[in-house]
Amino acid sequence: MNNTEIARLFRNVAAAYSIKDERKFRFQIIAYQKAADTVSNLTTEIGDFYKNNTLDTLPGIGVTIRSHLEELFKTGKVIHFEWALKDIPKAVFPLLDIPSFGPKKAYKLVKEFKLKNPDTVIGDLEKIAKAGKIAKLEGFGAKSQSDILRAIAEFRLGKGKTTRMTLPYAAEVADRVVSYLKQSEYVVEAEPLGSLRRKVSTVGDIDIAVATNNPKEVISHFTAYPHKERVIEKGEATSSILVSGGKQIDLMTQPPNAFGSLLQHFTGSKNHNVHLREYALKKGLSLSEYGIKKLSDKKLKIQKYDSEEKFYKAIGLSWIPPEIREDTGEIELAAVNKLPKLVELSDIKGDLHIHSSFSIEPSHDLGRNTISEMLVKAGNLGYEYLGFSEHNPSISKHTPTQIYNLIKKRNEDIEHILSNNKSVRILKLLETDILPNGDLAIDNKILELLDGAIVSIHSVFNMNSVDMTKRVIKGLSHKKAKILAHPTGRMLNERAGYELDWSKIFEFCKRNNKALEINSWPGRLDLPDVIVRLTVNAGVKMVINTDSHMSEQMDLMKYGVEVARRGWATKDDILNTLSYNEFSDWLKS
DNA sequence: GCCGTTTTCGGCCCGACTGTTTTCAGTCG
């Protein structure tokens with residue numbers, strides 16, 4: 001079973017517990033939901049954790065769930081799960097994917113109308129609702145019946161829980177709503193929060209916080225948003241709408257003097273907030289978006305905070321950058337004021353993965369702008385150096401001699417340009433394919449023309465982890481091969497990427513002075529943040545590159561820096577924060 | 001069922017909103 005299936009199994013077990021006895025199984029439900037979240041967020045198959053005997057390193061997986069997983073991988077089933085799911089009709093579970101359906105509602109409807117077939121249950125329920133039978137049920141009414149019909153219709157259209165947005169897209173949607181909100185005179189401040197503020201690689205829905213002394217007016221203004229499809233809910237302090245394209249926008253408000261606690265609350269993550277509140281409880285403090293209550297104060301008066309810094313300080317913590325608020329150790333370190341100083345965009349001194357339009361007759365796509373145009377942009381960004389890494393010339397269409405001459409010609413062009421442009425230094429690189437057998441696409445004699453090579457996988461992605469790891473390590477073995485570009489090959493929302501044995505890759509890179517790339521392209525963000533964290537811990541260096549094919553794409557560097565920050569990388573972990581001389585020494589190392 | 005510079009036992013975040021109710025259950029974040 002793969003991660004998706006196992007996460008679903010855990011969620012179904014949690015739902016079954018909810019239906020059986022929500023109070024009795026309260027903490028088991030939370031535990032299984034948390035385990036499901038852990039599994040669905042993994043970038044490695046959980047079967048590999050089982051094989052490596054490292055299941056106990058995963059948060060939310062303790063002795064019991066671990067033994068259930070071991071039973072699952074050994075025998076293909078788990079007796080305890082079969083017992084837990086035995087009394088629950090299978091038709092309940094597909095309904096749980098529909099927004100507004102929880103275990104209780106799904107179970108009641110399935111039971112009441114004796115729905116048996118999980119494959120047709122959604123359509124069956126729709127017919128029943130259309131026939132007006134749900135409104136007659138106790139606890140339901142005409143409104144809930146029509147809400148069910150709409151929920152099913154929207155679910156079919158893929159609204160609500162659609163594919164997640166890339167960061168620039170989400171930022172654009174959020175910016176439009178924020179600038180609309182700011183048209184209201186009652187909006188003092190408006191900020192996008194949630195996963196967008198934490199810079200998660202993809203964003204599900206858009207969360208916006210508003211500081212106002214008149215929440216009612218602000219919410220009326222919000223629900224009148226011209227691009228809204230419908231209002232999902234509208235209360236006194238919060239509201240949600242669905243906008244065209246099926247994306248959900250959640251709004252929360254607080255008065256300006258309590259905006260700090262709202263920023264904290266609505267930025268999340270959920271796991272960070274839960275841990276933070278448990279931590280504060282032990283100090284006798286109860287936290288919410290309203291502020292902080294001292295439990296020793298019998299009247300439970302709320303202390304308000306206008307800034308996040310003051311809010312964290314009141315709990316005895318240093319301010320935590322949003323990118324690392326994932327409950328992976330940040331609270332413990334903030335308590336002793338030992339958070340790392342994360343790398344910043346202004347630390348970056350160069351970009352090493354640039355495709356110019358120089359006619360190198362490459363194996364893959366060519367850049368759109370000339371070497372000179374790219375250099376102008378680099379100057380505008382304040383860079384000290386730029387690395388040109390066009391794809392290697394196609395090996396099926398050229399002889400080695402032709403390739404040699406093409407690279408030589410590019411080098412001469414660069415030298416010529418350099419004689420007229422002294423402000424930005426240039427590194428002569430090449431993005432070189434690692435062939436399926438691990439050889440590089442160009443030979444040693446040609447590699448010697450370069451300051452260094454960026455190597456990467458562009459074909460035959462479907463190799464297993466063992467073979468792919470051997471392929472990559474062999475590709476990196478040449479002296480000139482210094483950087484592994486987009487190391488997992490993933491494309492967000494498109495393909496998962498191949499698997500590598502990271503401990504072997506790290507060991508090789510560390511011993512041989514090789515670096516892994518963080519590719520800033522918003523559809524890649526590769527390395528993924530969790531692997532950046534492993535890389536940092538392994539003491540292996542990284543380079544943040546844009547992989548630009550046009551000069552304006554060099555602005556995408558910020559996305560790579562955000563990934564690095566989510567992986568707890570400091571300036572020391574990132575090689576292109578070095579000066580030109582230091583970086584060029586590393587290339588020769 | 002998980003977890004640990006107060007604990008290997010005894011804790012487990014905190015609130016909003018809706019529909020169907022007349023005080024609350026269910027869902028969501």
Side-chain angles (χ1 to χ4, degrees), chain A residues 10 13-15 17-19 22-38 56 58-69 80 84 95-96 98-109 134-148 151 160-161 193-195 204-207 209 215 219 231-240 248-254 261-262 264-293 295 300 302 315-316 327 331-332 335-336:
Chain A
F10 286 168
V13 170
Y17 274 140
S18 289
I19 294 163
E22 181 141 55
R23 293 172 72 99
K24 183 175 162 194
F25 294 117
R26 185 165 155 220
F27 298 109
Q28 282 90 335
I29 294 166
I30 294 170
Y32 275 102
Q33 283 166 342
K34 187 161 186 202
D37 289 342
T38 294
D56 54 0
L58 298 173
I61 309 238
V63 250
T64 307
I65 295 185
R66 190 188 68 202
S67 74
H68 290 331
L69 281 170
H80 176 71
L95 293 175
L96 300 178
I98 303 172
S100 82
F101 276 75
K104 305 283 183 60
K105 192 200 268 188
Y107 181 71
K108 186 160 186 188
L109 290 167
I134 291 179
K136 295 181 187 132
L137 233 54
E138 195 190 335
F140 290 81
K143 184 70 169 68
S144 46
Q145 179 171 268
S146 61
D147 285 349
I148 286 171
K161 293 180 179 173
L193 304 176
S195 49
D205 49 26
I206 306 280
D207 300 314
I219 285 170
V231 176
I232 296 170
E233 59 183 32
K234 180 180 179 181
E236 289 180 6
T238 76
S239 173
S240 296
Q248 184 172 331
I249 319 280
D250 296 331
L251 180 83
M252 291 187 88
T253 64
Q254 280 292 330
S261 49
L262 178 60
Q264 197 291 311
H265 167 78
F266 214 12
T267 297
S269 66
K270 183 185 165 191
N271 286 343
H272 174 84
N273 283 0
V274 169
H275 189 168
L276 194 71
R277 288 167 182 198
E278 286 174 352
Y279 177 84
L281 266 184
K282 288 173 191 161
K283 299 187 160 198
L285 303 171
S286 170
L287 315 182
S288 74
E289 60 267 44
Y290 291 87
I292 301 181
K293 286 186 278 202
L295 296 175
L300 292 176
I302 293 178
I315 319 163
D327 190 24
I331 292 172
E332 292 82 349
V336 291

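Computed over heavy atoms, backbone and side chain alike; hydrogens, waters and symmetry mates excluded. Source: prediction; values computed, not measured. In what follows, every chain begins at residue 1, and chains take the letters A, B, ... in the order their sequences are listed.
One C1' atom belongs to B/dG29, the other to B/dT22, and the distance between them is 28 Å to the nearest Å. Nucleotides B/dG1 and B/dT6 have their P atoms positioned 28 Å apart, rounded to a whole Å. If you take atom C1' in B/dT23 and the same atom in B/dC13, they sit 24 Å apart, rounded to whole Å. Comparing the C1' positions of B/dA25 and B/dT20 gives a spacing of 9 Å, expressed to the nearest Å. Comparing B/dG26 with B/dT21, their C1' atoms are spaced 13 Å from each other, to the whole Å. Across the C1' atoms, B/dC14 and B/dC9 are found 25 Å apart, a figure rounded to whole Å. The C1' atoms of B/dT8 and B/dC2 are separated by 12 Å, rounded to the nearest whole Å.
Between B/dC17, B/dT27, B/dC13, one nucleotide has an atom nearer to the side chain of A/Thr238 than all others, and that is B/dC17. Comparing B/dC2, B/dG29, B/dC17 against the side chain of A/Asp205 picks out B/dG29 as the nearest. The listed nucleotides are B/dG26, B/dG1, B/dG15; the one nearest the side chain of A/Lys104 is B/dG26. Distances were taken from every side-chain heavy atom of A/Glu278 (C-beta onward) to each of B/dC13, B/dG19, B/dA16; the shortest belongs to B/dC13. Across B/dC17, B/dC14, B/dG19, the shortest atom-to-atom separation from the side chain of A/Ser144 is found for B/dG19. Comparing B/dA16, B/dG29, B/dG1 against the side chain of A/Gln248 picks out B/dG29 as the nearest. Nearest nucleotide to the A/Lys293 side chain, out of B/dC12, B/dC2, B/dG15: B/dG15. Among the nucleotides B/dC17, B/dG1, B/dC12, the one closest to the side chain of A/Ala237 is B/dC17.
The distance between atom CD1 of A/Ile29 and atom C1' of B/dA25, rounded to the nearest whole Å, is 14 Å. Atom CG in A/Leu109 sits roughly 12 Å away from atom P in B/dG26 (whole-Å rounding). In this structure, the CD1 atom of A/Ile30 is 11 Å from the P atom of B/dC12, given to the nearest Å. Remark: P of B/dT18 and CG of A/Asp147 are 11 Å apart, rounded to the nearest angstrom. Note: CE (A/Met252) to P (B/dA16) measures 8 Å, nearest angstrom. If you measure from atom CG of A/Asp327 to atom P of B/dC12, you get 17 Å, rounded to the nearest angstrom. Between the P atom of B/dC2 and the OH atom of A/Tyr32 lies a distance of 7 Å, rounded to the nearest Å. The nearest whole Å value for the distance from the NZ atom in A/Lys143 to the C1' atom in B/dT21 is 16 Å.
With hydrogens and angles ignored, the 3.5 Å screen pairs no side-chain donor or acceptor of A/Asp207 with any backbone N or O of A/Leu193. Checking side-chain atoms of A/Thr267 against main-chain N and O of A/Gly194 turns up no donor-acceptor pair under 3.5 Å. The main-chain N or O of A/Ile219 is never found under 3.5 Å from a side-chain atom of A/Lys234 such that the two would form a donor-acceptor pair. Panel note: side chain A/Ser240, backbone A/Glu233; no donor-acceptor pair is recorded below 3.5 Å. Under a 3.5 Å cut-off, the side chain of A/Gln145 and the backbone N or O of A/Ile134 do form a donor-acceptor pair.
The distance from the NZ atom of A/Lys108 to the CD atom of A/Glu138 is 5.5 Å, given to the nearest 0.5 Å. Taken to the nearest 0.5 Å, the NZ atom of A/Lys34 stands 6.0 Å off from the CG atom of A/Asp327. Atom OG of A/Ser288 sits about 10.0 Å away from atom CG of A/Leu262, to the nearest 0.5 Å. We find the CG-CD1 distance between A/Asp205 and A/Ile249 to be 8.0 Å, quoted to the nearest 0.5 Å. A/Phe10 CZ to A/His68 NE2: the interatomic distance, rounded to the nearest 0.5 Å, is 8.5 Å. Atoms CG and CG, on A/Asp56 and A/Leu69 in that order, are 11.5 Å from each other to the nearest 0.5 Å.
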Could you list the protein-to-nucleotides 3-8 of chain B atom pairs, N/O on both sides, closer than 3.5 Å?
residue, atom, partner, partner atom, Å
B/dC3, OP1, A/Gly60, N, 2.9

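In this structure the side chain of A/Arg66 reaches within 4.5 angstrom of the side chain of A/Val63, judged on heavy atoms.
Regarding contacts with the backbone of B/dG26, every side-chain N or O of A/Lys105 stays at 4.0 angstrom or more from both OP1 and OP2. Between B/dC17 and A/Ser239, no contact under 4.0 Å exists linking OP1 or OP2 to a side-chain N or O. In this structure, A/Tyr290 reaches the B/dA16 phosphate: one of its side-chain N or O atoms is under 4.0 Å from OP1 or OP2.
If you find the closest nucleotide of DNA chain B to A/Ala106 and to A/Leu287, the one lying nearer the 5' end belongs to A/Leu287. Map A/Ala31 and A/Glu236 each onto its nearest nucleotide of DNA chain B; the residue landing nearer the 5' end is A/Ala31.
Aromatic stacking of A/Phe27 on B/dC12: satisfied, with centres closer than 5.5 Å and planes within an angle under 30 degrees.
Pairing of B/dC17, defined by two Watson-Crick or G-U wobble distances under 3.5 Å, is identified with B/dG26.
A/Phe101 comes within contact range of the sugar-phosphate backbone alone, with a heavy-atom separation under 4.0 Å but no base atom that close. Looking at heavy-atom distances under 4.0 Å, A/Gln28 makes contact with a base. Contacts of A/Ser240 with the nucleic acid, taken as non-hydrogen atoms under 4.0 Å apart, are absent.
If you check residues 265-277 of chain A against DNA chain B, the residues with a heavy atom closer than 4.0 Å are A/Val274, A/Arg277, listed by number.
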